[in-house]
Amino acid sequence: MAGIICGTGAYVPSYTMDNDDIAKFVDTSDAWIRERTGVARRHIARQETTVSMASEAGKRALENAGIRAEEIDLILVATISSDVVLPCTACEVQKELGAVYATCFDIGGAACTGFVLAYNTAAAYLTGGIYRTALVIGSESLSNLTNWKDRGTCILFGDGAGAAVMRADERNRYLPVTHSEGVKGAALTCKSRCCGTKEVPEEAYFIQMDGQAVFKFAVRRVPEVIREVLEKNRLVPEDIGLYILHQANRRIVDAVAKRLNEPIEKFPMNLEEYGNTSSASIPILLDELNRAGKLKQGQKLVLAGFGAGLTWGAAVTEWKGS
Ligand code: UT7
């Protein structure tokens, strides 16, 4: 895959809800949530929408990359929580940014693996010489899909968007690894309002999760897929500067680091502040690291996502930055 990230951006709502706020309406506590997940607060959209957050993150990524909207050939938005079905979120972003020459579509349903899949899709287009410049976004308003009566899920999620500008670059040639296992899909579900039956209980329209099953899946599959992607690209862990993992639970990230026998310092985290923002978590983290000057030129990064489907995957990218 010959596409390289040359700018990042993010947007999170200013309104936050901390663990004590959640403990006012479900039977939980700040201590339990911090210990079991590492989350302290999450940002929740009030006037923002998935489209508006995606547009703002995209705009900031373009500024960071020093690229004009007219130069964008492709806009991909990974989301499971858009406020629009038609037109797609990516077309709405195109309109907001004035990216008049871009081809636009959404990568829906890939949930927390969504950004990795969108990155891979854009990289494949860039590698194939079909497009030269892409804007890849993960944007979520998970608060609209959260059952605020279910303490097993409502403590986890947050809203926000992250974006990356990618350019064709022959030197960044790494192959990704991705997997799907539909037979395990029941572990993490959410019915659409289009499901065509009147017999659906109201809670099925919100995210429902077998937390332990997803936890076990993640701590097994994420180290596996990271080893696979390293092997496929003839790399060893020492070649990797940072592992940018989907931010679902601090214990999952800790367990992945341990299973890979890699120092936890190579696994940056920001889930304490944002919770799990699904497809947005990887690009939000990437943008924070970029703006804090923590990414070094030539450093190899592994991006790894996992979630509903079940789906999981990893990609290697060399940091060139803005
Ligand atoms: O983005 C990808 C998708 N999602 C994930 O990656 C999430 C993966 N799963 C997890 O992060 C964890 O499984 C959770 C954080 C969701 C749950 O943590 P856990 O350590 O697996 O807890 P558990 O489900 O095994 O529950 C342990 C106990 C239970 O009580 P009993 O049966 O032992 O009396 C639960 O009822 O904790 C109880 N519990 C809670 N207690 C206080 C469950 N949720 C809460 C809560 N506050 N919010």
Side-chain angles (χ1 to χ4, degrees), residues 17-42 78-81 107-117 138-143 145-160 162 178-181 184-190 203 206-225 244-257 259 267 269-272 274-285 303-314:
M17 208 186 251
D18 68 19
N19 294 341
D20 289 329
D21 293 328
I22 291 194
K24 286 178 193 146
F25 54 82
V26 287
D27 182 14
T28 190
S29 66
D30 177 53
W32 193 97
I33 301 171
R34 278 179 194 264
E35 194 196 313
R36 299 290 181 119
T37 70
V39 178
R41 68 193 68 77
R42 62 288 291 147
T79 184
I80 54 163
S81 53
I107 306 244
C112 309
T113 318
F115 186 79
V116 173
L117 290 173
S139 184
E140 304 287 3
S141 306
L142 295 180
S143 55
L145 295 180
T146 297
N147 180 352
W148 291 102
K149 293 178 185 155
D150 174 15
R151 68 176 181 171
T153 53
C154 76
I155 56 162
L156 295 170
F157 301 118
D159 300 337
T178 51
H179 296 287
S180 304
E181 200 175 13
K184 300 253 175 82
L188 188 38
T189 60
C190 182
E203 61 270 20
F206 298 112
I207 296 169
Q208 294 187 306
M209 182 175 67
D210 177 344
Q212 281 194 14
V214 177
F215 191 96
K216 284 182 193 151
F217 146 76
V219 299
R220 179 169 159 228
R221 294 304 198 180
V222 178
E224 243 175 48
V225 78
I244 316 287
L245 264 51
H246 165 51
Q247 303 287 293
N249 184 319
R250 193 196 57 230
R251 290 189 296 137
I252 293 177
V253 182
D254 287 344
V256 172
R259 286 185 181 211
F267 294 77
M269 283 184 249
N270 64 3
L271 54 85
E272 181 181 5
Y274 305 114
N276 176 347
T277 56
S278 192
S279 69
S281 80
I282 291 176
I284 291 175
L285 179 57
L303 314 179
F306 57 91
L310 298 173
T311 57
W312 65 105

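The residues of the chain are indexed from 1 along the displayed sequence. Remember, it's 1-based here, ligands and their atoms both numbered in the order they're listed.
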Report all N/O contacts between ligand 1 and the protein shorter than 3.5 Å as a table of atom names and distances to 0.1 Å; if there are none, say 'none'.
from: ligand 1; atom 1: 1 (O); to: His246; atom 2: NE2; distance (Å): 2.8
from: ligand 1; atom 1: 1 (O); to: Asn276; atom 2: ND2; distance (Å): 2.6
from: ligand 1; atom 1: 9 (N); to: Gly211; atom 2: O; distance (Å): 3.0
from: ligand 1; atom 1: 11 (O); to: Asn249; atom 2: ND2; distance (Å): 2.7
from: ligand 1; atom 1: 13 (O); to: Gly211; atom 2: O; distance (Å): 3.2
from: ligand 1; atom 1: 20 (O); to: Arg36; atom 2: NH1; distance (Å): 2.7
from: ligand 1; atom 1: 20 (O); to: Arg251; atom 2: NH2; distance (Å): 2.9
from: ligand 1; atom 1: 25 (O); to: Gln212; atom 2: NE2; distance (Å): 2.5
from: ligand 1; atom 1: 36 (O); to: Arg151; atom 2: NH2; distance (Å): 2.9
from: ligand 1; atom 1: 41 (N); to: Trp32; atom 2: NE1; distance (Å): 3.4
from: ligand 1; atom 1: 41 (N); to: Arg151; atom 2: NH1; distance (Å): 3.4
from: ligand 1; atom 1: 47 (N); to: Thr28; atom 2: OG1; distance (Å): 2.7
from: ligand 1; atom 1: 48 (N); to: Thr28; atom 2: OG1; distance (Å): 3.1
from: ligand 1; atom 1: 48 (N); to: Arg151; atom 2: O; distance (Å): 3.0

Using the test side-chain hydrogen bond (donor to acceptor under 3.5 Å, both in side chains), find all partners of [X] that sit at least two apart in sequence or belong to another chain.
X	value
Asp210	none
Thr28	none
Arg34	Asp30

Start with the C-alpha gap between Thr277 and Ser281, add the side-chain angles, then the distance that decides, and say whether side chain to side chain contact (heavy atoms under 4.5 Å, CB included) holds. CA-CA 5 Å; Thr277 56; Ser281 80; 3.4 Å; yes
Would you name the heavy atoms of Phe115 and Ala78 that are closest together and state the gap between them? N-CB, 4.0 Å
Side chain to side chain contact (heavy atoms under 4.5 Å, CB included) between Gln247 and Ile284, worked out: CA-CA 10 Å; Gln247 303 287 293; Ile284 291 175; over 6 Å; no
